[in-house]
**Q** 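Sharing a structure, written as structure tokens. Questions coming.
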Amino acid sequence: MRRPRDAKSFSEFNAVREFKLSEKVVEHINLEGDLRVALIFPNTYQVAASSLGFNLVWKWFNKIPQVRCERFFLHKSFSKFYSLDTQTPLDEFPIWAFVMHFENDFLNVLWLLKKKAVPIFNTERRSFDPLIVFGGALTYTDLPIFRVVADVILHGDFEAMMKDLQEILAYKDRERLIERISKLNFATVPVYGIMPKNIAISDNINILVPSSPLICSEGEFANRLLIEIERGCPWSCNFCMMSALKKPVRFLDPKIFKETLKGSNFVGLIASNVTDYPWIDEMIPLFEEMKLKVSFSSLRLDRLNDRFLRFLKLNQQSFTIAPESFNDKIRRILGKNFTDQQILDVLLRAKKVGFDEVKMYMIYGLDEENEQELNQIADFVDDVKKMGYRQIKLSFNPLVPKRGTKMASRKMQDLKILKSKMRILRKLVGQNAKIVFEDLMSSYLQYQINGADECNSPELVEKFNLALTNDENFLKNHGVTSCEWGI
């Protein structure tokens, strides 16, 4: 790729190139196909680098012989949008495949389309426009608002799609591609009125080992080899899309797991709950023997035994659990089937092995919740403080009802009520714990995007379109991105 000559483009080119140079290659990826596919994570590099799924799809896309797939991320100052892999401009790619993991990234997609003068509504696109494809975690259910923008939506696990995609992607003409994709059982093609007959599910995650082909120096799991050891979730939390839509649960074979670890020093294990992995206890001695530094994506508090807690303490100063509530009634409504005593028990055992910092994820904003339940949070934090914890962090997220879950028919509470509860919680708990609240506007946008139906989706997309047109800082001002857009 020839370097751009003007200063602005060169600065953008160089910024993308620096990110690429900071990555450590674990598996060489061949970029030899004739059909160029832009795999776009609609957020910052740091968020993209934290997504194992993004890098896995990139790796597996390039196993299709005729495809040359390159990675892209967004930044508010970009105009050319160079690929991470060869610094090729986005305009040279006829297929733009967006990885849709977070609802609010949908607004970032709209921002990019406007920036590149691609019509936002799929019905308005022309033969020379890129083919807009959506995939990712949010496609395991049907979000009507996606059907207004995407030309194609691919639902499910990418591995299970590869054989069919290999045959279809032999075609390069845009209209011919759409026509062929419309024959797939796992595809939505809005302009043809085609809905999916099923979700593509990979029954065995051991065939294509879900380990990252590179190690990124930035992001939540910086400098770690990421390995997916569990896909799906065995639990049935009433508010969670993963537990509702990603069954059956599948595990990485322990022999393959051990083989994948060879040569590694720092590893990040990805799962709905790492403690659900059936062989985790037998892996701990191997971790210790290899002197591995291990990070864990999430832990279920009622599966934390003393052996695991001791190993955890060797790797980190604090630990994170998700009780969601300190009230039995609210937990039952949420589908969390553990007791107050189990929460206190794991906190006490963690303190005994040396932890003095804990972070807990909480949900508020249920209609059944009253001031008495909020007061119980303060009482519970008092009990934890008395155990001797130096720092207690509570991260509060409002309940955002999601499609496909048992709470899908609920409505998000009014913002005034949620703000009132925030004030009460700060007053009750603020002296004994550090409290962080998810941005309410960001949560409400998430609720709007997830809950939009066939009737109001076009109107909502137009509303977002006008907001982006009139306010270039709309995304940042409304807490849409997961982190700052700066480099």
Side-chain angles (χ1 to χ4, degrees), residues 220 235 237-240 273-276 280-281 284 294-366 368-399 417-438:
E220 186 178 353
W235 306 99
C237 299
N238 294 335
F239 59 90
C240 180
N273 289 292
V274 172
T275 43
D276 288 331
I280 192 66
D281 286 340
I284 289 176
V294 186
S295 296
F296 304 97
S297 60
S298 60
L299 306 169
R300 187 172 166 97
L301 67 89
D302 56 350
R303 303 296 292 266
L304 289 172
N305 58 43
D306 290 347
R307 180 74 177 85
F308 188 90
L309 284 169
R310 285 195 294 271
F311 176 76
L312 193 65
K313 183 63 180 70
L314 294 174
N315 285 268
Q316 54 197 63
Q317 295 301 310
S318 65
F319 74 107
T320 303
I321 56 176
E324 314 298 1
S325 175
F326 295 140
N327 176 270
D328 278 331
K329 179 188 76 174
I330 299 299
R331 278 198 304 273
R332 285 195 300 272
I333 294 170
L334 293 171
K336 288 285 189 176
N337 60 353
F338 39 75
T339 66
D340 287 351
Q341 190 54 50
Q342 286 176 302
I343 302 171
L344 289 169
D345 178 63
V346 73
L347 288 166
L348 187 59
R349 288 188 289 112
K351 188 70 185 72
K352 287 181 178 178
V353 303
F355 283 106
D356 63 0
E357 296 181 24
V358 61
K359 180 178 180 179
M360 292 181 274
Y361 285 106
M362 310 289 290
I363 291 177
Y364 73 110
L366 281 74
E368 297 87 346
E369 184 180 63
N370 56 39
E371 195 161 340
Q372 180 180 347
E373 277 82 38
L374 299 180
N375 274 300
Q376 284 184 320
I377 296 175
D379 295 338
F380 207 98
V381 170
D382 283 340
D383 291 338
V384 178
K385 192 77 172 178
K386 290 173 183 175
M387 292 180 188
Y389 278 91
R390 180 176 59 83
Q391 188 172 76
I392 303 167
K393 297 180 182 178
L394 299 179
S395 178
F396 284 95
N397 298 318
L399 177 66
I417 297 174
L418 292 171
K419 288 179 180 179
S420 175
K421 289 183 176 182
M422 288 171 61
R423 288 192 293 269
I424 292 170
L425 287 167
R426 283 197 180 98
K427 182 178 179 181
L428 290 173
V429 187
Q431 290 184 342
N432 288 330
K434 181 179 179 181
I435 305 177
V436 177
F437 289 96
E438 183 177 280

**Q** Are any non-hydrogen side-chain atoms of L299 and L312 less than 4.5 angstrom apart?
**A**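 Yes; the side chains approach each other to less than 4.5 Å.
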
**Q** Does the side chain of S318 reach to within under 4.5 Å of the side chain of K359, using non-hydrogen atoms?
**A**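 Not in contact.
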
**Q** Which heavy atom of A350 sits nearest a heavy atom of Y389, and at what distance?
**A**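 Here A350 and Y389 meet closest at CB-OH, 3.5 Å.
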
**Q** Using the rule given for side chain to side chain contact (heavy atoms under 4.5 Å, CB included), can you reason through N432 versus I392, listing the C-alpha separation, both sets of side-chain angles and the distance that settles it, and then say yes or no?
**A** CA-CA 7 Å; N432 288 330; I392 303 167; 5.7 Å; no

**Q** Looking at I333, is its backbone amide N or carbonyl O close enough to the side chain of N238 to form a donor-acceptor pair, meaning the two atoms are under 3.5 Å apart?
**A**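 The answer is yes, because a donor-acceptor pair under 3.5 Å joins these two groups.
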
**Q** With side chains defined as the heavy atoms from C-beta onward, is the minimum distance between R310 and K313 less than 4.5 Å?
**A**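 With C-beta onward as the side chain, the pair stays apart.
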
**Q** Rounded to the nearest 0.5 Å, how far does CD of Q391 lie from CD of Q317?
**A**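 Result: 11.5 Å between the selected atoms.
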
**Q** Just checking, any donor-acceptor pair under 3.5 angstrom between side chains of N375 and Q372?
**A**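 There is no such pair between these side chains.
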
**Q** Report yes if some heavy atom in the side chain of W235 is under 4.5 Å from a heavy atom in the side chain of K336; otherwise report no.
**A**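 A side-chain contact is absent here, since even the closest heavy-atom pair is not under 4.5 Å.
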
**Q** Between M387 and L344, is there a side-chain heavy-atom distance shorter than 4.5 Å?
**A**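 Result yes, sub-4.5 Å side-chain heavy-atom pair found.
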
**Q** Is the F308 ring parallel, tilted or perpendicular to the F296 ring (thresholds 30°, 60°)?
**A**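 Plane angle between 30° and 60°, so tilted.
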
**Q** For the atom pair NZ (K421) and CG (L428), what is the distance rounded to the nearest 0.5 Å?
**A**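 The distance works out to 13.0 Å.
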
**Q** Quick one, F319 and V358 - any side-chain contact, counting heavy atoms below 4.5 Å?
**A**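 With C-beta onward as the side chain, the pair touches.
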
**Q** So with a 6.0 Å cut-off around CD of Q342, is the heavy-atom count from everything else above 12?
**A**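 Counting neighbours around CD of Q342, more than 12 heavy atoms of other residues, nucleotides or ligands fall under 6.0 Å, so yes.
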
**Q** Working to the nearest 0.5 Å, report the span between CZ of R332 and CD of E368.
**A**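 R332 atom CZ to E368 atom CD measures 11.5 Å (nearest 0.5 Å).
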
**Q** Quick one: CD1 on I321 to CG on L347, what's the gap to the nearest 0.5 Å?
**A**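 One gets 4.5 Å once the value is rounded to the nearest 0.5 Å.
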
**Q** Taking 4.0 angstrom as the limit, do K386 and D382 come out as a salt bridge?
**A**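 Salt bridge absent between K386 and D382.
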
**Q** How far apart are the closest heavy atoms of I343 and S325, and which atoms are they?
**A**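 I343 and S325 have their closest heavy atoms at CD1-O, 4.1 Å.
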
**Q** Report the distance from atom CG of L425 to atom CG of L394, rounding to the nearest 0.5 Å.
**A**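 Rounded to the nearest 0.5 Å, the CG-CG separation comes out at 9.0 Å.
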
**Q** CD1 of I363 to SG of C240: how many Å apart, nearest 0.5 Å?
**A**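 Reported to 0.5 Å precision, the distance equals 9.0 Å.
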
**Q** Spell out, as yes or no, whether a donor-acceptor pair under 3.5 Å connects the side chain of R331 to the backbone of E324.
**A**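 Side chain of R331 to backbone of E324, a donor-acceptor pair under 3.5 Å: no, none is there.
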
**Q** Quick check: closest heavy atoms across V346 and L301, and the distance to 0.1 Å?
**A**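 That would be CG2-O, 3.7 Å.
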
**Q** Any ion pair linking R300 and D276 (charged N to carboxylate O, less than 4.0 Å)?
**A**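 Looking at R300 together with D276, the answer is no, because their closest N to O distance does not fall below 4.0 Å.
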
**Q** Please lay out, stage by stage, how D340 and D328 fare under the test side chain to side chain contact (heavy atoms under 4.5 Å, CB included).
**A** CA-CA 7 Å; D340 287 351; D328 278 331; 3.8 Å; yes

**Q** Within the side chain of N305, is there an N or O that forms a donor-acceptor pair under 3.5 Å with the backbone of R307?
**A**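 Side chain of N305 to backbone of R307, a donor-acceptor pair under 3.5 Å: yes, one is there.
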
**Q** Which heavy-atom pair separates M360 from P323 by the least distance, and what is that distance?
**A**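 Closest pair (atom of M360, atom of P323, distance): CB-CD, 3.9 Å.
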
**Q** Surrounding CD of E371 (heavy atoms of other residues, nucleotides or ligands, distance under 6.0 Å), is the total greater than 12?
**A**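 No, not enclosed.
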
**Q** Okay, side chain of R349, backbone of L304: is any donor-acceptor separation there less than 3.5 Å?
**A**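 Such a contact is found between R349 side chain and L304 backbone.
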
**Q** Taking N315 for its side chain and V294 for its backbone only, find out whether a donor-acceptor pair lies under 3.5 Å.
**A**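 Such a contact is found between N315 side chain and V294 backbone.
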
**Q** Between L418 and Y364, is the side chain to side chain contact (heavy atoms under 4.5 Å, CB included) condition met? List the steps.
**A** CA-CA 8 Å; L418 292 171; Y364 73 110; 3.8 Å; yes

**Q** Would you please test L366 and F239 for side chain to side chain contact (heavy atoms under 4.5 Å, CB included) and show each step?
**A** CA-CA 11 Å; L366 281 74; F239 59 90; over 6 Å; no

**Q** With a 4.5 Å cut-off on side-chain heavy atoms, are K393 and V436 touching?
**A**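 With C-beta onward as the side chain, the pair stays apart.
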
**Q** Taking 4.0 angstrom as the limit, do K352 and D306 come out as a salt bridge?
**A**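 Looking at D306 together with K352, the answer is no, because their closest N to O distance does not fall below 4.0 Å.
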
**Q** Counting neighbours of NZ on K351 that are heavy atoms of other residues, nucleotides or ligands and sit closer than 6.0 Å, is the number greater than 12?
**A**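 Count over threshold, so yes.
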
**Q** Flag yes if more than 12 heavy atoms outside K419 fall under 6.0 Å of its NZ atom; otherwise flag no.
**A**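 Count not over threshold, so no.
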
